[in-house]
Amino acid sequence: MTDTWLIVGLGNPGTEYSGNRHNVGQMVLDELAARVGGKFKVHKSRAQVVEGRLGIGGPRVVLAKPMTYMNVSGGPVANLAKFFDIAPDHVIAVHDEIDIPFNTVKLKIGGSEGGHNGLRDISKALATKDYLRVRVGVGRPPGRMDTADYVLRDFATAEKKDLPFLIDEAADAVELLMAEGLLAAQQKHHAARS
């Protein structure tokens with residue numbers, strides 16, 4: 001196994017979904033790609049990929065945005081992990097999370113997928129839940145709005161003002177996670193909101 005990290009931004013393909021809450025993981029990957037200085041290219045695994053290093057002397061990374069719909073993200077993730085010889089403990093899924101407030105970033109390894117079908121499909125394809133997750137808070141739907149309708153909508157106007165800061169924080173969390181480990185990243189990002 002290599003010391004390369006696979007960082008996957010979850011979302012749906014197509015411009016009609018690009019601003020949706022459900023695509024915040026892919027927004028974070030765009031920020032990471034800018035930091036690497038790379039452009040996404042289509043890979044045979046049904047994902048757009050950027051390879052490079054984060055920071056000077058930083059870890060080698062494979063940034064990936066599956067070109068499949070969110071609920072079937074597992075195939076591309078498992079194929080990339082196999083292709084680049086990356087173990088599940090070096091896979092980071094960046095995704096939207098309704099169970100934490102908007103403008104919040106939390107990190108964890110393994111555990112429940114919390115009803116997130118993209119994560120469920122990745123767990124099935126990797127045959128383990130023990131991969132890292134950077135959970136980007138999008139908040140709960142208002143009133144009785146259906147969860148699927150909520151995550152498939154663009155961020156509200158007020159949220160859009162803070163969105164660049166949230167994306168930046170999530171990208172920072174990914175970098176810290178690789179550099180210093182889960183506990184250090186949790187201490188920094190979880191404490192910021194308590």
Side-chain angles (χ1 to χ4, degrees), residues 3-11 19-37 50 52-66 70 73 77 86-116 118-120 122-123 126 128-141 147 150-151 155-156 158-194:
D3 279 340
T4 302
W5 291 83
L6 173 59
I7 306 163
V8 182
L10 298 187
N20 289 179
R21 290 179 179 91
H22 220 22
N23 275 45
V24 75
Q26 293 196 349
M27 296 174 199
V28 174
L29 266 282
D30 288 337
E31 169 60 25
L32 289 168
R35 292 180 185 190
V36 166
V50 171
R53 290 195 180 276
L54 274 167
I56 297 167
R60 184 167 180 269
V61 294
V62 176
L63 307 175
K65 298 193 295 187
M70 170 79 82
S73 300
V77 174
I86 298 171
D89 68 349
H90 271 57
V91 174
I92 303 171
V94 185
H95 63 91
D96 61 309
E97 178 61 71
I98 63 165
D99 290 330
I100 55 178
F102 173 74
N103 224 3
T104 304
V105 174
K106 302 253 184 204
L107 303 95
K108 73 176 198 173
I109 187 168
S112 166
E113 293 94 356
H116 196 294
L119 293 176
R120 188 174 293 130
I122 291 170
S123 297
L126 291 177
T128 182
K129 294 182 179 192
D130 293 333
Y131 54 92
L132 294 151
R133 301 159 198 191
V134 174
R135 305 158 67 212
V136 184
V138 297
R140 296 207 62 82
T147 301
Y150 177 71
V151 296
F155 286 94
E159 292 171 328
K160 285 179 184 173
K161 288 184 209 140
D162 290 324
L163 188 57
F165 302 105
L166 178 61
I167 289 167
D168 203 48
E169 182 183 348
D172 289 348
V174 169
E175 290 202 55
L176 187 60
L177 183 57
M178 291 184 295
E180 297 183 29
L182 180 60
L183 187 58
Q186 285 176 326
Q187 287 174 335
K188 179 177 189 332
H189 292 279
H190 295 196
R193 301 284 183 244
S194 54

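In this text, all values refer to a predicted model and were calculated from it rather than measured experimentally.
- Scanning both residues, Arg120 and Gly115, for their nearest heavy atoms gives NH2-CA, 3.4 Å.
- Judged by distance alone, with hydrogens and angles left aside, the side-chain atoms of Arg135 form no donor-acceptor pair with the main-chain N or O of Lys106 at under 3.5 Å.
- Using modelled atom types, one side-chain atom of Gln186 and one backbone atom of Leu107 make a donor-acceptor pair closer than 3.5 Å.
- For the atom pair CG of Leu10 and CG of Leu119, the computed distance is 6.0 Å after rounding to the nearest 0.5 Å.
- Here the straight-line distance linking atom CG of Asn103 with atom CG of Asp162 works out to 4.5 Å at 0.5 Å rounding.
- Here the side chain of His189 pairs no donor or acceptor atom with the backbone of Ala170 at under 3.5 angstrom.
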Test log, rule side chain to side chain contact (heavy atoms under 4.5 Å, CB included), inputs Lys65 and Asp30: CA-CA 9 Å; Lys65 298 193 295 187; Asp30 288 337; 2.7 Å; yes

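- Taking both residues in full, the closest heavy atoms of Val138 and Ile98 are given as CG2-CG2, 3.8 Å, listed atom of the first, atom of the second, then distance.
- The nearest pair of heavy atoms linking Pro66 to Gln26 is O-NE2, 3.5 Å.
- Note that the CG atom of Leu132 and the CG atom of Asp89 stand 7.5 Å from one another [nearest 0.5 Å].
- Separating the CG atom in Asp168 from the CG atom in Leu163 is a distance of 11.0 Å, to the nearest 0.5 Å.
- Taking each heavy atom of Ile92 and Val134 in turn, the nearest pair found is CG2-CG2, 3.8 Å.
- His116 and His95 have perpendicular rings, their planes meeting at more than 60° on a 0 to 90° scale where under 30° would count as parallel.
- Separation of atoms CD (Glu159) and CZ (Phe102) is listed at 4.5 Å; rounding is to 0.5 Å.
- Inter-residue side-chain proximity for Met178 and Ile7 is flagged as met; some heavy-atom pair is nearer than 4.5 Å.
- Distance alone, capped at 3.5 Å, places no donor-acceptor pair between the Tyr150 side chain and the Arg21 backbone.
- When all heavy atoms are compared, the tightest approach of Ala64 to Leu6 is CB-CD1, 4.1 Å.
- Taking the side chain as every heavy atom from C-beta outward, Val36 and Leu54 approach each other to under 4.5 Å.
- What you find for Ala171 and Glu31 is that their closest heavy atoms are CB-CG, 3.7 Å.
- Salt-bridge check for Lys188 with Glu180: failed, with every basic side-chain N at 4.0 Å or more from each acidic carboxylate O.
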Steps toward side chain to side chain contact (heavy atoms under 4.5 Å, CB included) verdict (Ile167, Val28): CA-CA 5 Å; Ile167 289 167; Val28 174; 4.3 Å; yes

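- Taking CG of Leu177 as the reference point, atom CH2 of Trp5 lies at 5.5 Å (rounded to 0.5 Å).
- Using a 4.5 Å heavy-atom threshold, the side chains of Asp99 and Arg140 count as touching.
- Side-chain atoms of Met27 and Val94, non-hydrogen and from C-beta on, never get closer than 4.5 Å to each other.
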